Amino acid sequence: EGFKIGPHKAALFARDALRLKHLWLVSELPPETVQRYLLQPATLEQALSEALAVLPPGARIGIMPFANITIPTLA
């Protein structure tokens, strides 16, 4: 609660969000706020449906319940 992202992290996030084509946020935030963060607002069902529609068969989907404190890596 009360988490604030620093300007350097915000800049890195914006860079990556602009580079990625499909990045959805399932949140209670208003859709306009989510879009200002360069994310696509969605329900979990919408996000999964849209992801499955654009991914090849057998692709993996990452769901990050604590995304604001998670650093994903590919192994």
Side-chain angles (χ1 to χ4, degrees):
E1 192 170 318
F3 175 80
K4 293 184 181 180
I5 189 168
H8 62 290
K9 289 183 183 124
L12 292 174
F13 182 86
R15 179 199 64 192
D16 293 342
L18 289 170
R19 184 176 51 84
L20 298 170
K21 295 179 183 176
H22 306 288
L23 193 56
W24 298 273
L25 177 64
V26 177
S27 172
E28 295 178 3
L29 292 170
E32 305 80 35
T33 301
V34 173
Q35 291 167 336
R36 281 199 328 251
Y37 297 152
L38 306 175
L39 302 170
Q40 298 176 48
T43 65
L44 181 58
E45 293 78 14
Q46 288 171 322
L48 287 173
S49 175
E50 292 180 32
L52 291 170
V54 298
L55 291 171
R60 294 170 33 186
I61 297 174
I63 297 176
M64 298 170 36
F66 302 101
N68 63 328
I69 58 170
T70 303
I71 301 174
T73 60
L74 294 176

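Not measured: the values here are computed from a predicted model.
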For this session: Over all heavy atoms of both residues, which pair between Ala42 and Ala47 is shortest? Give the atoms and the distance, please.
Result: CB-N, 3.9 Å
Exercise. Under the side chain to side chain contact (heavy atoms under 4.5 Å, CB included) test, which residues partner Leu48, sequence neighbours left out?
Worked result: Leu44, Ile61, Ile63
Exercise. Which other residues belong to the hydrophobic cluster containing Leu38, where Ile, Leu, Val, Met, Phe, Trp and Tyr are joined when side-chain heavy atoms lie under 4.5 Å apart, directly or via other members?
Worked result: Leu18
Exercise. Got a sec, which hydrophobics cluster with Phe13, joining ILVMFWY side chains under 4.5 Å apart, including via others?
Worked result: Leu20, Leu23, Leu25, Leu29, Val34, Tyr37, Leu39
Problem set entry | Euclidean distance, Gln40 CD relative to Gln46 CD, rounded to 0.5 Å | 10.5 Å
Exercise. Got a sec, which residues hit side chain to side chain contact (heavy atoms under 4.5 Å, CB included) with Pro30, two or more places apart in sequence or on another chain?
Worked result: Glu32, Thr33
For this session: Using the test side-chain hydrogen bond (donor to acceptor under 3.5 Å, both in side chains), find all partners of Glu50 that sit at least two apart in sequence or belong to another chain.
Result: Trp24
Exercise. Who passes side chain to side chain contact (heavy atoms under 4.5 Å, CB included) against Ala59, sequence neighbours left out?
Worked result: Leu55, Pro56
